Amino acid sequence: IPDELNLLTEAVSPNNLAVWRALPREAQRVLVGLVTARARHIQDERGGSELEGKLRDQLEALFGVLTTYSKQEQPGFIYGLQRSHRPVARTWWDDARRWWCSLSDLVPAASSRNPERVLGAIAELLNRESGPDQIEAALIAALEANVQPDDPRLVELAKNQQEVLQRRARFKRLRRAVRAAAIEDEAL
């Protein structure tokens, strides 16, 4: 518990909070929600009343920082900041995982701008037979990484993803490139 609590305390250090302030409000809300859910997990699901005085004081200070930040920056309502709140999901840990997924959607990794890595990620998702939502997000990431819709590598990866390609207008050029490649393959 102490190591996890130290990581959460570091996450809300003044330097890190300055970085948070530069993010869009929704990203700030998700970060506060994530740290809050993890802290409640420690408090309610891992330590409970067994927490030693120092750890209990550290948790209280952490919640104080989160509450102050939320009041000052107003990123939106954060469930869990009030002690009377209970988890939205089954457990606080489940809530933390939900916040983590939301954060992953909002803050793409730096590597997501690298066309080679983005294409590799799509191939990996296809190999793992991931769901259409994940594949859609990966195709969007490829286009945002400036992979051209008619790039043969992207076309090859997208050729069996007609259901996903029909979801968004932004895939129009990619759909057209996939159709053109299919016609070309039939001609051979």
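Small disclaimer: the values here were computed from a predicted structure and weren't measured. All values below come from the heavy atoms of this structure, side chains included, with hydrogens, waters and symmetry mates left out.
Rounded to the nearest 0.5 angstrom, R168 CZ and L174 CG are separated by 13.0 Å. The CD atom of E26 sits 10.0 Å away from atom CG of L103, with the distance rounded to the nearest 0.5 Å. How far CG of L119 is from CG of L157: 6.0 Å, rounded to the nearest 0.5 Å. Rounded to the nearest 0.5 angstrom, F63 CZ and L8 CG are separated by 9.0 Å. Rounded to the nearest 0.5 Å, atoms CD (Q58) and CD1 (I42) are 8.5 Å apart. The line from CG of L62 to CG of D57 is 12.5 Å long, rounded to the nearest 0.5 Å.
When hydrophobic clusters are built by joining Ile, Leu, Val, Met, Phe, Trp and Tyr residues whose side-chain heavy atoms come closer than 4.5 Å, directly or via intermediates, V19 is not grouped with V12.
No side-chain donor-acceptor contact under 3.5 Å links T91 to the backbone of P87. For the pair R25 (side chain) and E73 (backbone), a donor-acceptor distance under 3.5 Å is present. Under the 3.5 Å distance criterion, the side-chain polar atoms of S70 are left unmatched by any main-chain donor or acceptor of L66. The closest donor-acceptor contact from the side chain of R175 to the backbone of L165 lies under 3.5 Å.
Between D44 and R83, the closest side-chain pair of non-hydrogen atoms falls below 4.5 Å. By the 4.5 Å heavy-atom criterion applied to side chains, Y69 and Q28 are counted as neighbours. Side-chain contact between T36 and W99 is absent, with no heavy atoms from C-beta onward closer than 4.5 Å. Residues H85 and R40 form no side-chain contact, since every pair of their non-hydrogen atoms from C-beta on lies 4.5 Å or further apart. At a threshold of 4.5 Å between non-hydrogen side-chain atoms, the residues W20 and V32 count as touching. You'll find the side chain of P115 stays beyond 4.5 Å of the side chain of N146, heavy atoms only. Contact of the L154 side chain with the L139 side chain is registered, since non-hydrogen atoms from C-beta on lie closer than 4.5 Å. At least one side-chain heavy atom of E10 sits under 4.5 Å from a side-chain heavy atom of S13.
Nearest approach of Y79 to R86, heavy atoms of both residues: CE2-O, 2.6 Å. When all heavy atoms are compared, the tightest approach of A11 to N16 is O-CB, 3.1 Å. Residues D95 and A89 approach most closely at OD1-N, 2.7 Å, considering heavy atoms. Residues V118 and A138 come closest through the heavy atom pair CG1-O, 4.0 Å. For P149 against V155, the heavy-atom pair with the smallest separation is O-CG2, 3.5 Å. Residue S130 comes nearest to I135 through the heavy atom pair O-CD1, 3.5 Å, listed as atom of the first residue, atom of the second, then distance.
With sequence neighbours excluded, the residues satisfying salt bridge (charged side-chain N to carboxylate O under 4.0 Å, His left out) with K159 are E156.
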| Trace of the side chain to side chain contact (heavy atoms under 4.5 Å, CB included) decision for L126 with Q161 | CA-CA 10 Å; L126 294 173; Q161 301 302 317; 3.2 Å; yes

| task | Applying side chain to side chain contact (heavy atoms under 4.5 Å, CB included), run through V30 and W100 and close with a yes or a no. | result | CA-CA 8 Å; V30 170; W100 180 256; over 6 Å; no

| message | Does L34 form a side chain to side chain contact (heavy atoms under 4.5 Å, CB included) with R98? I'd like the steps, not just the answer. | response | CA-CA 8 Å; L34 174 62; R98 182 180 51 88; over 6 Å; no

| said: Evaluate Q43 against R56 for side chain to side chain donor-acceptor pair (under 3.5 Å), listing each step before the verdict. | reply: CA-CA 8 Å; Q43 188 176 45; R56 190 173 39 253; over 6 Å; no

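Atom CZ of R21 has more than 12 heavy atoms from other residues, nucleotides or ligands within 6.0 Å. The neighbour count for Q166 CD, taken as heavy atoms of other residues, nucleotides or ligands under 6.0 Å away, is above 12.
Between R153 and E116 there is a salt bridge, since at least one side-chain N of the basic residue sits less than 4.0 Å from a carboxylate O of the acidic one. A salt bridge between D133 and R167 is present, with a side-chain N of the basic residue lying under 4.0 Å from a carboxylate O of the acidic one. Look at E144 and R170 and you find a salt bridge, because one of the NZ, NE, NH1 or NH2 atoms lies within 4.0 Å of a carboxylate O, short of that distance.
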